[in-house]
Amino acid sequence: MSRTLQVTILGATGSIGLSTLDVIARHPERYGVFALTGFSRIRELFQLCLIHRPQYAVVAEEADARFLRTEFANAGLKTQVLLGRSGLCDVAAHPDVDVVMAAIVGAAGLHPTLSAIQANKRVLLANKEALVMSGALFMQALHASSAELLPIDSEHNAIFQCLPPKSETIAGKGIRRILLTASGGPFRKFAMSQLADVTPEQACAHPNWSMGRKISVDSASMMNKGLELIEACWLFGARSDQVEVIIHPQSVIHSMVDYVDGSVLAQLGNPDMRTPIAHALAWPERIESGVSALDLLRIGCLDFESPDEQRFPCLRLARQAAVTCGTAPAMLNAANEIAVAAFLNRRIRFTEIADVIEHVLEREASIPTTCLDDVLTADERARALAESWLNNYDR
C-alpha cells in the first residue's frame with residue numbers, strides 16, 4: 001500500500017469508536033487517524049487525541065472546545081479543534097479523508113454521514129438512524145455519488161458477507177428472505193408483569209454485547225432490531241415482509257440469507273464489533289481484528305425462537321413504520337430517542353417507551369419525503385409530540 005488511509009471517526013468515545021481505534025492501532029502501516037469527534041466525554045476525547053494525534057477534534061459545545069484547545073497547547077499537540085455540526089461535516093468530507101466511521105448515535109449523525117457520502121468517501125455505517133430517518137434520500141445520495149457504503153451493525157455486515165459478490169440489492173439474486181438475528185436482550189425470559197418495574201441499570205446490562213446506554217435500552221425493548229429491520233430494507237432493497245427477525249440468544253450467528261434453492265448462508269463469530277469493523281475497513285481484503293477464534297465446541301448448541309411482539313411492542317411499531325414508509329420511520333426514531341432518554345432519567349417506566357412512540361405515530365400522519373427538510377420537520381414534530389406526552393404524564 002502506497003500510503004496510509006486516513007480515517008475520520010464520528011463518535012470516537014463510544015464503543016464503536018473505541019473498537020475502531022483498537023483495530024486501526026493494530027495496522028499502523030495501513031491506517032492513520034485524521035479526526036476524532038466526541039459529544040460529552042471530553043476528557044476521554046483528549047486522552048484519545050494524545051494517543052492517536054489526529055489533525056482535528058470536533059466537539060459540540062464552545063466550552064469544551066476551549067478546554068481542548070488549552071489542553072492541546074499545554075501538551076504540545078497540534079490537533080485543531082472544530083465545533084458543532086459544521087465541524088462534523090467538515091471532517092467527514094475533508095479532501096484528505098479516505099474512510100469515515102459513522103458511529104454517532106441518533107439523529108445527530110445524519111448530516112455528517114450524508115456529507116461523507118456526498119464527498120465520495122468509504123463510509124462505514126454504524127449509525128443506523130441515518131438510514132432509518134432518510135432512507136430514500138440517503139440511498140439517492142449514495143447512488144448519485146461514487147461513495148462506498150459498508151454496514152457495521154453486526155447483523156447487516158453479516159448479511160453483506162452472505163450476499164453474492166457485487167450485489168447491491170437482493171433483487172434477482174435468488175434470495176427468498178433475510179433472517180435478522182436478535183439476542184432477545186436482558187428481558188427475554190422476564191414475566192410480562194415484571195417489565196413495568198425494570199430499572200435502567202437492568203436494561204443496560206446486555207447479556208452478550210458491550211454497548212452504550214441508549215442502544216442497550218433499544219436492545220432490551222427490541223427497538224434496535226426494529227430499526228435494523230428498516231435499515232436492512234434500504235441497504236439490501238428488501239421489502240419488510242422479506243426480513244424475518246429470529247431470536248438467537250447466543251449471538252454467534254449474526255444473520256443469515258435464505259436462498260430459493262434451500263441454501264441458507266450464515267456468518268458466525270464471537271460477539272465482538274471489531275470483526276465487522278475490520279471487515280469493512282479492509283474490504284474486500286481481510287485483516288486481523290484482535291477477536292479470538294470462535295470455539296463452537298465450547299458453545300455446544302445454538303438456539304432460536306420467534307420474538308413475542310406483545311412482550312416487545314417496539315418491534316411491531318418499527319415494522320409498521322417500515323410498511324408505512326415516508327416520514328414514519330423518522331418519527332418512530334425521534335419518539336424513541338425522547339422516550340429512551342426519559343426512561344434512563346427515570347421519568348417513565350420501561351413499558352411506557354412503546355406508549356410514547358405509539359402516541360406519536362397515531363397523531364402525526366406520514367408524508368412522502370421529497371427533501372431533507374421533510375425528514376427534519378417530521379423529526380422535530382415527533383419530538384415535540386413525545387415531549388408533550390411526557391409533560392402530561394401522571395404516574
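FYI, side chains are in, hydrogens and waters are out, and symmetry mates aren't considered; it's all heavy atoms of this structure.
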Does any donor atom in the side chain of [X] or [Y] lie under 3.5 Å from an acceptor atom in the other side chain?
X: Thr377; Y: Asp373; result: no
X: Thr4; Y: Gln6; result: yes
X: Glu387; Y: Asn391; result: no

Starting from [Y], can I reach [X] by hopping between I/L/V/M/F/W/Y residues whose side chains sit under 4.5 Å apart?
X: Leu361; Y: Val340; value: yes
X: Val99; Y: Leu36; value: yes
X: Leu227; Y: Leu131; value: yes
X: Val123; Y: Met133; value: yes

*Report the C-alpha distance between Asn157 and His279 in whole Å, list the side-chain angles of each, state the deciding distance to 0.1 Å, and finish with yes or no for side-chain hydrogen bond (donor to acceptor under 3.5 Å, both in side chains).*
CA-CA 8 Å; Asn157 184 266; His279 172 266; 3.1 Å; yes

When you compare the side chain of [Y] with that of [X], does any pair of heavy atoms fall below 4.5 Å?
X: Lys214; Y: Asp218; answer: yes
X: Tyr31; Y: Leu21; answer: no
X: Phe138; Y: Thr113; answer: yes
X: Val105; Y: Asn127; answer: no
X: Leu372; Y: Leu114; answer: yes
X: Val33; Y: Thr8; answer: no
X: Ile247; Y: Ser183; answer: no
X: Leu45; Y: Leu68; answer: yes

Gap between atom [atom2] of [Y] and atom [atom1] of [X] - 0.5 Å precision:
X: Thr70; Y: Phe72; atom1: OG1; atom2: CZ; result: 10.5 Å
X: Met331; Y: Arg363; atom1: CE; atom2: CZ; result: 13.0 Å
X: Leu5; Y: Leu281; atom1: CG; atom2: CG; result: 8.5 Å
X: Leu124; Y: Ile9; atom1: CG; atom2: CD1; result: 9.5 Å
X: Cys314; Y: Leu332; atom1: SG; atom2: CG; result: 8.0 Å

*Can you run down the salt bridge (Lys or Arg N to Asp or Glu O under 4.0 Å) pairs that involve residues 56-65, sequence neighbours left out, and say none if there aren't any?*
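Those involving residues 56-65 are Glu62-Arg69.
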
*asked:* Set out, in order, the CA-CA distance, both residues' side-chain angles and the distance that settles salt bridge (charged side-chain N to carboxylate O under 4.0 Å, His left out) for Glu201 and Arg346, then state yes or no.
replied: CA-CA 11 Å; Glu201 290 74 22; Arg346 304 180 195 277; 2.4 Å; yes

*Please answer whether the main-chain N or O of Gln202 pairs with a side-chain N or O of Thr199 as donor and acceptor at a distance below 3.5 Å.*
yes

*How are the rings of Phe343 and Phe350 set to each other: parallel, tilted or perpendicular (split at 30° and 60°)?*
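Phe343 and Phe350: perpendicular rings.
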
*Please state whether the rings of Phe34 and Tyr56 are parallel, tilted or perpendicular, taking 30° and 60° as the class boundaries.*
tilted

*asked:* Connecting only ILVMFWY residues whose side-chain heavy atoms lie within less than 4.5 Å of each other, what is the rest of Leu296's hydrophobic cluster?
replied: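 Under the 4.5 Å side-chain rule, Leu296 groups with Leu179, Ile246, Val252, Ile253, Met256, Val264, Leu268, Leu294, Ile299, Leu302, Phe304.
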
Can we say [X] and [Y] salt-bridge, meaning some charged N sits less than 4.0 Å from an Asp/Glu carboxylate O?
X: Arg349; Y: Asp197; value: yes
X: Glu71; Y: Arg43; value: no
X: Lys121; Y: Glu148; value: no
X: Lys225; Y: Glu231; value: no

*Does Phe46 CZ have over 12 foreign heavy atoms under 6.0 Å away?*
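Counting neighbours around CZ of Phe46, more than 12 heavy atoms of other residues, nucleotides or ligands fall under 6.0 Å, so yes.
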
*Is atom CD of Glu380 surrounded by more than 12 heavy atoms (other residues, nucleotides or ligands) closer than 6.0 Å?*
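Not more than 12 within 6.0 Å, no.
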
*Provide the closest heavy-atom pair for Thr13 versus Gly38 in the form atom of the first, atom of the second, distance.*
OG1-CA, 4.5 Å

_Those residues that, when tested against Arg176, pass salt bridge (Lys or Arg N to Asp or Glu O under 4.0 Å) (two or more places apart)_ =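 By the salt bridge (Lys or Arg N to Asp or Glu O under 4.0 Å) rule, Arg176 matches Asp258.
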
*asked:* Go through it in stages, so that I can follow the logic: the residues are Asn224 and Lys128, the test is side-chain hydrogen bond (donor to acceptor under 3.5 Å, both in side chains), and I'd like the CA-CA distance, side-chain angles, deciding distance and then a yes or no.
replied: CA-CA 9 Å; Asn224 192 48; Lys128 62 177 63 65; 3.1 Å; yes

